Amino acid sequence: MSAERLVAVIGGSAAPAGRDIGLEVASDTDTPWGKPSGPVRAGSIEGRRVLWLARHGEPHAIAPHRVNYRANLYALQTLGATDVIALNTVGGIAAHASPGSLWLPDQLIDYTWGRAASFHDGESLPLRHIEFGEPFDPRLRALLARAASDCGIHVSVTGVYGCTQGPRLETAAEILRMRRDGCDLVGMTAMPEAALARELGLRYASLAMVVNPAAGLAAEPITMEAITHEAAGCMERVLRVLACALTLADQGFD
Ligand code: HPA
């Protein structure tokens, strides 16, 4: 990896233990924006340097609308991150967004409200309007798409991520509205994370795993057991894509 490039992963939960992934605490301190969700860990996946932060804390206890997204991104950048790969579990809205599928969304629609959505809100820092037509960094998405193809793992390379407030799941009518809006996936965490990353000049992309059909789209109600089971089933492929992506980043893929 070129000296200045460092990839951080924001995981939906703690870094998986074992395998080739050994992560030590790199920082456990406050930022000017408050406390990150938990310790930032530094280490490697199959020998490639990486930072890892569990978005919902360790243990998993911080609701999506209460995550301190500003502190998380600020802490990662302070530790040298240049690129952020966000892991997001999502519900599938598009017909081909079946549980177990992996996605690199290229667009998003923000349905969240009341979150601290900017560093530059005119209070803490002077007001700024960032360009956000492409909310996920096209070059980092291309790197992830190439990584997935190099390691023989199928990912859908476009898709619209609709970000809801949570922590409750959606109603069936909300999902139908989101489908009419053009959403393929529904999750609770890509915003304001993606916008804050852009404000800091970090490259940011989401690697999303579909863990359930969205509300009303399957005969059975959604259960947390099914979500947890499906997410665990995706993790092996996600780690392989990450390992390939870190290798490409090391090789200077741009
Ligand atoms: N809705 C919102 N967020 C989610 C879902 C869902 O169905 N599944 C996993 N995260």
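Numbers here are sequence positions counted from 1. Here the structure is a predicted model, which means the values were calculated and not measured. Note that ligands are numbered from 1 as they come in the structure, with each ligand's atoms numbered from 1 the same way.
Regarding atom 8 (N) of ligand 1, its nearest protein heavy-atom neighbour is N212 OD1, 2.6 Å. The protein non-hydrogen atom at the shortest distance from atom 10 (N) of ligand 1 is T89 O, 3.2 Å. With respect to atom 5 (C) of ligand 1, the closest heavy atom belonging to the protein is G91 N, 3.4 Å.
Of the candidates I227, I175, V211, V186, it is V186 that places a heavy atom closest to atom 4 (C) of ligand 1. Of all the listed residues (M209, M178, E170, Q165), E170 holds the heavy atom that lies closest to atom 2 (C) of ligand 1.
Linking Ile, Leu, Val, Met, Phe, Trp and Tyr residues whenever their side-chain heavy atoms come within less than 4.5 Å leaves L169 and I175 in two separate clusters. No continuous path of hydrophobic side-chain contacts links V186 to L108 [ILVMFWY only; heavy atoms under 4.5 Å].
More than 12 heavy atoms of other shown residues, nucleotides or ligands fall within 6.0 angstrom of atom NE2 in H120. Other residues, nucleotides and ligands place more than 12 heavy atoms under 6.0 Å from the CZ atom of R128.
A salt bridge is absent between D28 and R41: the closest approach of a Lys/Arg side-chain nitrogen to an acidic carboxylate oxygen does not fall below 4.0 angstrom.
Close approach of ligand 1 to L169 is summarised as follows: ligand atoms under 4.0 Å from at least one heavy atom of the residue are 1 (N), 5 (C), 6 (C), 7 (O). Below 4.0 Å from some heavy atom of G187 lie the following atoms of ligand 1, by number and element: 2 (C), 3 (N).
Between D184 and Y161 the shortest side-chain heavy-atom distance does not fall below 4.5 Å.
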